[in-house]
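Report on the structure given below.
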2 protein chains.
Amino acid sequence: MADYRAPLTDMRFVREEVFRAEQEWQAMSATADFNAELADAVLEEAARLVEAELFPLNQRGDQEGCVMSDGAVTTPGGFRQAFAELARGGWCGLGGNPAHGGQGLPKLLTQSFDELLYASNTGFALYLTLNNGAGLLLDAYADEAVKTRYLPRLYAGEWLGTMCLTEPHCGTDLGLIKTRAVPSDDGRYSVTGSKIWITGGEHDLTDNIVHLVLAKLPDAPPGAKGISLFLVPKRRVLEDGSLGEANGVVCGGLEHKMGINGSATCVMHFEGAEGVLIGEPHQGLAAMFTMMNYERLSIGIQGLGLGDVAYQSAIAFARERRQSRAPGGAAEPDQAADPILVHPDVRRMALNARAWNEGGRLFAACVARELDRAKYHSDREVREAADELVALLTPVAKAFLTDRGFATTVEAQQIYGGSGYCVEWGAEQYVRDARIAMIYEGTNGIQAMDLIGRKLTRNQGAYVERLADRIRTELENDDIDAPDVHPFREALERELIRLERVTAAVIDAASKDAAAAGAAANDYLHLLGYAVYSWLWWKAAGAAQRGLTRQGPSGEDFYRAKLIVGQHFLTRQLPHSEALERQIAAGPSGLMALERDWF
Amino acid sequence: MADYRAPLTDMRFVREEVFRAEQEWQAMSATADFNAELADAVLEEAARLVEAELFPLNQRGDQEGCVMSDGAVTTPGGFRQAFAELARGGWCGLGGNPAHGGQGLPKLLTQSFDELLYASNTGFALYLTLNNGAGLLLDAYADEAVKTRYLPRLYAGEWLGTMCLTEPHCGTDLGLIKTRAVPSDDGRYSVTGSKIWITGGEHDLTDNIVHLVLAKLPDAPPGAKGISLFLVPKRRVLEDGSLGEANGVVCGGLEHKMGINGSATCVMHFEGAEGVLIGEPHQGLAAMFTMMNYERLSIGIQGLGLGDVAYQSAIAFARERRQSRAPGGAAEPDQAADPILVHPDVRRMALNARAWNEGGRLFAACVARELDRAKYHSDREVREAADELVALLTPVAKAFLTDRGFATTVEAQQIYGGSGYCVEWGAEQYVRDARIAMIYEGTNGIQAMDLIGRKLTRNQGAYVERLADRIRTELENDDIDAPDVHPFREALERELIRLERVTAAVIDAASKDAAAAGAAANDYLHLLGYAVYSWLWWKAAGAAQRGLTRQGPSGEDFYRAKLIVGQHFLTRQLPHSEALERQIAAGPSGLMALERDWF
């Protein structure tokens, strides 16, 4: 099985040469302490950790899985020790609020750590992902007493957090939940109900688990407007912060899944469990949405990380495996056959994977930078503009990154031939682990509905228009006039026009037919994804060209490779956007024409 | 878990109303005994068998898998009994030569049985697939004594056949094989070497296993021209046909795979095993290619079958699962939410799956009919034309059907949301089982190289040209002038022009650059796939229109649904062909530009 190497050079290129992180950080007081050297140091240490500790546990985690016995869940061998090391190193509180013991790193930096975690061991990474989400939520909505009691422990990895949303009969449609919370005399609540698909609902990594649970109060209005949010610890937390007796929280079983076997996916029963209300009554869903942007980007990055480890693994195989000869004649005549990396079709698959990964890395960084601006920038207008762009791009980041990430793991597996189907080589695990990312944290179909509803038709396309304006301003202000960058500029200009044309058409169609938005949603999300990648690849090509001209830090080979990979995106991936435009133009009538009985 | 229902109505429509099977059969003496009623009877009995016996064992087969102990392999629970029932019913010799106990059914009929087998239980189906291949090969190349001794047992399912090609260091590049065959004094051979990925190499379904093994004779010329083919039984077969002692054939282990766990994938060691030469010395690869067209179509049908069972399963889920409301307002106001089948995006996924399945069923029947013509038709010109079309379309059938079949299982799984990722619902097994079909029997990349090499550039596009001529003749002779069929005609005419344009460009590029064929191969294969589907959907739309006008046997709802599903292909799948044309136009330079060290 091939090793995994953290792609630090490409991460640095994206961060510093494309998105100028250092300048960005210096301009905001909350991040003014960060600079390129510090970022490098953090990621180099992270790379050491994931390469040496987490990746070697990845296959074992898949094969052993989590095991439940007498209500207790044991994680795969090595997970406890690795988690303890991460916790000791402060890696659970990387993005946490410094006022409560977090390290306050900007998202533009922590998103790279997310990628390393997912790439090296997705099953393991998820315990941290959920904990990050819980921390964000409490930081935004809990009162000071709760924050003081819980946040330092979550940031220290002493306890871990979960999100308890889904119930057996509802996931997407949370208005249907049945879990109830009844007020007690002491201001607390008694929470009763069953939740499913709870990542890290029970495990042996920490002494306590902090569940954030959606439930309805007795006086709740019906539907999604009657949902409240409660903190329900596995073990009660006493006034002095020490652990009391067990709360009424029981793990009812583990799901048997296609992948991410190292992650405990639990059925959780709350049986009159003591809980604390977080935020206002009936406002639980709004609170949950606060951290959605972070979580959804994180799940998008799962697709990216798995795409990259799958690519690396396939390339290692393609260098070793020898079959047939290069098209122009033997590349290594002294051997019985050439490495398969000489074959154009193998290169096509490898470059597809690579281009999606590098595009995905640009995209994740782009959204992360806007998240930082929205949170930290001193200028309200900048914050609001960033917030808007995050709102627009988050569903795309989640769905496009995971759709492309899954496809990338499949393409990487294909490079392996038959070995890709055999468990020992590891390629098939990446496919299975990537598949869930298209489903959870809101299916990709739900992301598309979010995009086309809240982010597009509701504002009559204003978000898209302002994004297009911003890109056009960048195009106008750009001073690079190099032949290698021209095709990127032309493609971007063409895709912007296409995006605006399709956006107008979709908004018009949606105003006339209730089914039009849903019929266009998925393809529109992908169309926007292609347009944004065109933007980011143009930026990356420009940065590579600057690097070539000025002998930049990433090295000449790196910049040349970047331009070739970008060109691959333009010629062999971007043509799909035209097909998407045509598909959207088909409208809803065909989809709705088939009688329900005829399916 | 949802049931599987054999799609007999659609199979009959394709067979009788699109391809006029009865007329076809009556016109050839070898198939003159077959008619529509007999075909219906065969498939109805087959449907009963797969629905009641094989499908209920599918999930169990996945979960139990095959187990090896002391060199013996045990198939999953129920497989032995089910296989015995199939063998008793004569289902192992369906397409076999009647002169040796086979039933001589035309491929146009048996391909439907293949679909039912794969859909209901792919892990199980593969034992029969390999046996069919072995039977075909022996019938074509073995001498009468061998045929008489072996074929009746293989057709009766008393013994089962295998194909032993791949070795640890070579699969695609069979010229590299190391297995050796040394002549003995008695005219037999002593075969020594190791083979991997041998489907059904060892199992408990039959008393004997008949291996067809590629090996090199001592005087073999190097490379692919020095490969011979040997029959090597697990147990020796005595003169009177009874079983003698064990031959030197040992199962060295089972692969742990992503899926098809019910199928024993074996490492096989031949240790001076007694073998019989089949066909001429050094002509083994040519013999193997004889049955490739059948096997490759069969593996294509694996994609189709799994796509259909995945679709059926997802639709059953989408009828039951209730989340949110239909776009125009509640479809079932008395319920808390509507079934998710009301949502346009769910319908988009469902119709994608359905359109690929129905298109795939047309395609499989199309190739099967040509296989029958090539084998049975009395007119040499018809036979040769059919042979040529089979040669052209076989790599497309294998690769396009499996690529689309896999994508269909993924899309069906997506309809399930989180349940699709949980083992108990079965959707994820279809994905895992479908994935291998893109890899084995020649990876889809190898299919594309076969297409663009032997079937395109070698004849300067003559095969494609003659296919286009044939389609144009059909277009000219067509008498249907209905508005619902016009879009199909227009799309077909457009795709034919595109196909011819791209074909000419690819041939020209390949004549100038050794890497051009490989760079275009995969996309060209898909482009040809889209063109052929345009043809077949036009035929199907015409047949549906005829059915509507003349109150045909499939019923009005069926014909209306067929036109809607075909329209979905035109508007939401076919637009991709233009992207493929652009991707092909990119040529090889970008793929070859990246230095090997830069990957």
Side-chain angles (χ1 to χ4, degrees), chain A residues 170-173 176 197 255-258 315 323-324 327-328 336-337 341 343-345 347-348 350-351 414 417-418 420-423 428 435-436 438-440 443 445 448 514-515 518-519 521-522 557 561 564 567-568 571-572 575-576 578-579 582-583 586 588 590-594 596 598-599, chain B residues 170-173 176 197 255-258 315 323-324 327-328 336-337 341 343-345 347-348 350-351 414 417-418 420-423 428 435-436 438-440 443 445 448 514-515 518-519 521-522 557 561 564 567-568 571-572 575-576 578-579 582-583 586 588 590-594 596 598-599:
Chain A
C170 68
T172 294
D173 192 354
L176 303 174
W197 303 341
E255 299 292 342
H256 297 278
K257 309 186 297 293
M258 185 184 194
I315 293 299
Q323 297 287 279
S324 309
L341 197 52
H343 300 304
D345 190 58
R347 288 173 158 255
R348 177 189 61 79
L351 276 162
Q414 191 71 18
Y421 200 69
C422 295
V423 169
E428 62 88 38
R435 184 65 185 88
I436 186 61
M438 298 156 71
I439 299 174
Y440 62 14
T443 64
N522 176 75
D557 287 358
I564 292 167
Q567 189 68 32
H568 185 85
T571 57
R572 292 192 172 255
H576 196 59
E578 181 156 358
R582 287 175 192 271
Q583 288 168 213
L591 299 182
M592 307 317 280
L594 210 62
R596 258 200 272 168
W598 295 359
F599 274 95
Chain B
C170 69
T172 295
D173 192 355
L176 304 174
W197 302 341
E255 299 292 343
H256 297 280
K257 309 185 298 291
M258 184 184 195
I315 293 299
Q323 297 287 279
S324 309
L341 197 51
H343 301 304
D345 190 59
R347 288 173 157 254
R348 178 189 61 80
L351 276 162
Q414 191 71 17
Y421 201 69
C422 296
V423 168
E428 61 88 39
R435 183 65 185 88
I436 187 61
M438 297 156 71
I439 298 173
Y440 61 14
T443 65
N522 176 75
D557 288 357
I564 292 167
Q567 189 68 31
H568 185 85
T571 57
R572 291 193 172 257
H576 195 60
E578 182 157 357
R582 287 176 192 270
Q583 288 166 212
L591 299 181
M592 307 317 280
L594 210 62
R596 258 200 272 168
W598 297 358
F599 274 96

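These values consider heavy atoms only, across backbone and side chains, with no hydrogens, waters or symmetry-generated copies. Only a predicted model underlies this, so the values are computations on that prediction, with no experimental measurement involved. Each chain gets a letter, A, B and so on, in the order the sequences are listed, and its residues count up from 1.
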### Task
Could you have a look at A:Q414, A:Q567, A:H576 and say which one has the most heavy-atom pairs with chain B under 4.5 angstrom?
A:Q414
### Task
Please assess A:R435 against B:E428 for the test salt bridge (charged side-chain N to carboxylate O under 4.0 Å, His left out), listing each intermediate value before the final yes or no.
CA-CA 10 Å; A:R435 184 65 185 88; B:E428 61 88 39; over 6 Å; no
### Task
Below 4.5 Å from any heavy atom of chain A, which atoms of B:I436 appear? Answer side chain, backbone, both or neither.
both
### Task
Using non-hydrogen atoms and a 4.5 Å limit, figure out which bit of A:Y440 sits close to chain B: side chain, backbone, both or neither.
neither
#### Entry: Which of A:D557, A:D345, A:T443 touches chain B most, by non-hydrogen pairs under 4.5 Å
A:D557
### Message
Quick one, A:T571 and B:R582 - any side-chain contact, counting heavy atoms below 4.5 Å?
### Response
no
### Pairing residues for A:E255 by the salt bridge (Lys or Arg N to Asp or Glu O under 4.0 Å) criterion, not counting sequence neighbours
none
### Query
What heavy-atom pair brings A:L351 and B:L594 nearest, and what distance separates the two atoms?
CD2-CD2, 3.8 Å
### Message
Quick check on the interface: out of A:E578, A:H568, A:R572, A:M438, who has the most heavy-atom pairs with chain B under 4.5 Å?
### Response
A:R572
### Query
Given a strict heavy-atom distance threshold of 4.5 Å, which part of A:W197 is in contact with chain B: side chain, backbone, both, or neither?
side chain
#### Entry: Heavy-atom pair with the smallest gap, counting every atom of A:L176 and B:A337
CD1-CB, 4.1 Å
### Query
Which bit of A:I564 comes within less than 4.5 Å of chain B, counting heavy atoms only: side chain, backbone, both or neither?
side chain
### Results of salt bridge (Lys or Arg N to Asp or Glu O under 4.0 Å) for B:R596 - residues two or more places apart only
A:E332
### Per-residue contact mode, A:A521 against chain B (heavy atom under 4.5 angstrom)
neither
### Task
Heavy atoms only, distances under 4.5 angstrom: which of B:G590, B:A515, B:G328, B:G420 has the most pairs with chain A? Name it, please.
B:A515
### Message
Taking side chain as everything from C-beta outward and backbone as N, CA, C, O, which of these in A:H343 sits under 4.5 Å from a heavy atom of chain B? Side chain, backbone, both or neither.
### Response
neither
### Message
On a heavy-atom basis, which atom in B:D173 and which in A:Q323 lie closest, and how many Å separate them?
### Response
N-OE1, 2.9 Å
### Query
When heavy-atom pairs shorter than 4.5 Å are enumerated against chain A, which of B:A519, B:A448, B:G445 gives the highest number?
B:A519
### Query
Are any non-hydrogen side-chain atoms of B:M592 and A:P344 less than 4.5 angstrom apart?
yes
### Query
Taking all non-hydrogen atoms of both residues, which atom of A:P575 and which atom of B:A579 are closest, and how far apart?
O-CB, 3.6 Å
#### Entry: Shortest non-hydrogen separation from A:A514 to B:P327 and the atoms involved
O-CB, 3.3 Å
